[in-house]
Amino acid sequence: MSEQKVKIALPDGSVKVYESGVTSHQIALSISEGLARNVLAAKVNGEVWDASRPILHDSSVQLLTWNDDEGKNTFWHSSAHLMAEALEALYPGIKFGIGPAVESGFYYDVDFGDQEFNASDLEKVEQKMTELARQKNAYLRTEVSKNEALDYFGTKGDEYKLELLADLEDGSITFYQQGGFTDLCRGPHIPDTGHIKAIKLTNIAGAYWRGDEKRKQLTRLYGVTFPKKKELDEYLALLEEAKKRDHRKLGRELELFAFSEKVGQGLPLWLPKGTELREKLAAFLKKAQVKAGYESVITPHIGSKSLYVTSGHYEKYGQDSFKPILTPNENEEFLLKPMNCPHHCEIYKFKPRSYKDLPLRMAEFGTVYRYEQSGELHGLTRVRGFTQDDAHIFCRPDQVNEEFKQVIDLVLYVFESLGFKDFVTQISLRDPENKQKYIGSDDVWEKAESAIIEATSEKGLKTITKLGEAAFYGPKLDFMVKDALNRSWQLGTIQVDYNLPIRFDLEYVGSDNQKHRPVMIHRAPFGSMERFVAILLENTEGKFPLWLSPLQYIVLPISEKYADYANEVDQQLKEGAFSGYVDHRDEKIGRKIRDAELSKIPYMMIVGEKEAASKSVSIRRQGAGDTGSHDLGALLAYMKHELELSFTPDKE
RNA sequence: GCCGACGUAGCUCAGGGGUAGAGCGCUUCCUUGGUAAGGAAGAGGUCAUGGGUUCAAUUCCCAUCGUUGGCUCCA
């Protein structure tokens, strides 16, 4: 093999020979001109490279375009540089933090110094970006020494880049330059700014430098760009669509829940229909829990401060939580409960436990109160008073694995029954750099973490792992679901805890007649009723299956003449345990149908002369239009059948 | 908590230094209509709250409260 040739393996399995030093762009060009125009970067031996970077050795090459996630990523990262260039041109002397691509778009953190910048200036920046993009400036990669780099940003006076440089090793530092802007960056980048055809700067926000709230807050500018104007329009249309699924809007429209300034921030009021929905969800889970061997308990909303001193909650959160409530004369301190586990531990201690009693599975829809920072409150997803579908499993160490796997099954059953298909399972571990955030010894943490890792892998779950996301008393397996705007929320959670049993001195008598320490598994398949309902709303747009829908039917008489028959139908449905009502308004049928459709009621039953005469109803399913006339008795049987099916996943 | 934006009728929103408007909803009347909006009339607002500037503030300024997009946090 000559030194001058390289073998390039392409994803289709073909291998082609090129001159050494060939670029991905040239490879693309050898395939087709159109492809070459669209190539943004290339994956060379698994690493994303600039399309213009010479390939010197035999390699596998995957050309990346806008249709590849990595292509998009590169595109947006380059767009961040373009935005920085525009900003520097408009606001000389500003300093830059970091500017990465994110899930949909990019941002750059900027220190504007004394210069004013607000949302209304974004348009100006967009225009400048468009102007610079049209210049089709190439993104040029240069390798620099650490000293050169320090010198450049020292002269420029950008302390943020200097700080970033401090952590980098000499010999691995690259600059990228396009037009008049040079940035410290490991790349890769798209060939030139000309690819960026549609630009939208979406919002600005404060963001702490290096995510540290003790450090300076920079201005973060978010944006998104596309290679075609049409794609930007589609993206904006998608955002508009997402607004329709906003649970706060749906909660108001469907009269599910509300907030009142007078009651207080983050304290939801459940309206009758929302309560109906929530109670149906709770009943669904309770039924599954009875099958899985859980027992229900009820504990008070407050507990003596000493309970939380024992659990460690007071030490970890006492400063940031609602202050203790005092008895009037004795000044005894009570806390609003932030978690149910301490109460459940006390139930465990009610009497001596034998190894034969375990596992003990204690479930409670327990309402808890936490002082969440005001800036964090968000609709029903982040509130200060909420109800967990909580349970604690007290078991022997040899039972942890089996119990944990059974809980995974329960969570999967719940998710499946409610139609959540796109969820991510996340193993949330302790931050090894920051152990003082947690209680307990390394030894028990290792046991708990490996218990989770083993059980999830035995279940064959595809997981991601995040450090620093554990609870203070133990690691978790979290089930994350996205909202309408693609933001991830933790719903289900399962936690292994060796610590609270020690703190509460929980024991059981083993077969050896010795005292042993049980292990606790904390778990909540919904997470909280509030957040679960919120995410369910965003995922279903409020179009609930029959069994969940707060209103299951509405009877629509053609005119007031058929009111009696409508009432008769209503009565029979009520006797069949369905919830709904008759729309007796003095409106035309078209109007009644429209309103019922918009209220997302699953069954609309239209009754008029024909139906009254034949004891039938004309059925319209929400979203599906007229489905013809049906005998009332047969309909009731069908609806009951539909309910049965709903509780078994994988129907239809 | 921090940075930014916003707060006008039940809802969605327009307006703007001289004490307010639309559509929907609501009430009443007419209409008795067959599968996504029938017609008419009417009621409804201390323009979030508190200060300041001004002859005059809902409008401008400040603060507070609330909402919201992020950041940080999240038992």
Side-chain angles (χ1 to χ4, degrees), chain A residues 102 107 109 112 117-122 202-222 246 248-249 252-253 255 258-262 264-266 308 311-318 320-321 337-342 368-379 381-382 384 388 390 428 437-439 468-474 476 485 487 489-490 493 495 497 500 522 556-563 586-598 604-611 618-620 622-629:
Chain A
V102 289
Y107 68 78
D109 285 346
F112 281 94
F117 188 86
N118 61 45
S120 56
D121 299 319
L122 288 175
T202 45
N203 57 339
I204 66 174
Y208 301 106
W209 170 234
R210 302 208 130 179
D212 184 345
E213 65 179 321
K214 290 179 191 70
R215 307 200 60 180
K216 183 156 184 180
Q217 194 162 46
L218 307 179
T219 306
R220 176 169 297 178
L221 284 78
Y222 283 91
D246 186 326
R248 295 166 299 190
K249 177 178 153 75
R252 196 167 35 238
E253 285 173 0
E255 299 191 358
F259 290 89
S260 154
E261 249 180 72
K262 285 210 173 119
Q265 312 185 265
Y308 301 102
S311 70
H313 286 96
Y314 191 77
E315 188 203 337
K316 291 289 168 191
Y317 298 99
D320 317 312
S321 51
K337 73 173 167 188
M339 279 200 98
N340 303 298
C341 24
V368 297
Y369 299 89
R370 299 178 184 172
Y371 176 77
E372 303 288 0
Q373 297 184 11
S374 59
E376 258 313 322
L377 299 173
H378 176 90
T381 53
R382 193 83 186 265
R384 286 179 170 169
Q388 296 177 309
D390 208 358
S428 302
K437 273 176 71 184
Y438 311 90
I439 58 172
E469 298 284 306
F472 75 87
Y473 49 77
K476 313 189 283 174
L485 286 171
R487 294 173 294 205
W489 295 91
Q490 176 212 306
T493 179
Q495 306 161 6
D497 176 12
L500 292 189
H522 308 237
L556 308 176
I558 297 288
S559 84
E560 170 186 317
K561 283 191 240 163
Y562 313 106
D586 182 12
E587 292 291 349
K588 287 188 170 178
I589 195 65
R591 178 54 181 277
K592 290 181 183 179
I593 286 167
R594 178 183 153 82
D595 290 345
E597 287 279 357
L598 294 175
M604 281 155 271
M605 307 184 170
I606 292 137
V607 296
E609 193 177 354
K610 278 183 294 188
E611 290 78 9
S618 173
I619 295 296
R620 223 188 126 96
Q622 204 278 337
D626 190 0
T627 64
S629 200

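Per chain, numbering begins at 1; letters A, B, ... match sequence-line order.
Among the atoms of the strands shown, none is found under 4.0 Å from any heavy atom of A/G468. If you check every strand for non-hydrogen atoms under 4.0 Å, A/A207 touches sugar and phosphate atoms only. Within 4.0 Å (heavy atoms only), A/R215 reaches no atom of the nucleic acid at all. Across all strands, A/Y222 comes closer than 4.0 Å only to sugar-phosphate atoms, never to a base (heavy-atom distances). Counting non-hydrogen atoms under 4.0 angstrom, A/F472 reaches the backbone sugars and phosphates but no base.
Nucleotide B/A43 forms a pair with no other nucleotide shown, judged by Watson-Crick or G-U wobble geometry with both contacts under 3.5 Å. Across all strands shown, B/A56 forms no Watson-Crick or G-U wobble pair with both distances under 3.5 Å.
Whole-Å rounding puts the A/F259 CZ to B/U68 C1' distance at 13 Å. Residue A/E255 contributes atom CD, which lies 11 Å from atom C1' of B/G25 at whole-angstrom precision. Atom CZ in A/F112 sits about 13 Å away from atom C1' in B/C3, given to the nearest Å. In this structure, A/L377 atom CG and B/G69 atom P are separated by 11 Å, rounded to whole Å. Distance CZ (A/R252) to C1' (B/U12): 9 Å, rounded to an integer number of Å.
The base of B/C2 has none of its N or O atoms less than 3.5 Å from a complementary donor or acceptor on the side chain of A/E213. For B/C74, its base sits under 3.5 Å from the side chain of A/R382 at one donor and acceptor pair at least.
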* Start with the C-alpha gap between A/Y308 and A/Y317, add the side-chain angles, then the distance that decides, and say whether ring-ring contact (aromatic ring centres under 6.0 Å, His included) holds. => CA-CA 10 Å; A/Y308 301 102; A/Y317 298 99; over 10 Å; no
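The closest donor-acceptor contact from the side chain of A/T627 to the backbone of A/I619 lies under 3.5 Å. Side-chain atoms of A/E611 come within 3.5 Å of backbone atoms of A/G608 as a donor-acceptor pair (strictly under, hydrogens ignored). For A/R215 (side chain) and A/Y208 (main-chain N/O), no donor-acceptor pair under 3.5 Å exists by modelled atom type. Without hydrogens or angle criteria, A/E597 side chain to A/G623 main chain gives a donor-acceptor distance under 3.5 Å.
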* Structure fact -> B/S/- along nucleotides 26-40 of chain B (protein heavy atoms under 4.0 Å) is ----BBBBBBBBB--
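Closest to the side chain of A/E261, from the set B/C71, B/G66, B/G69, is B/G66.
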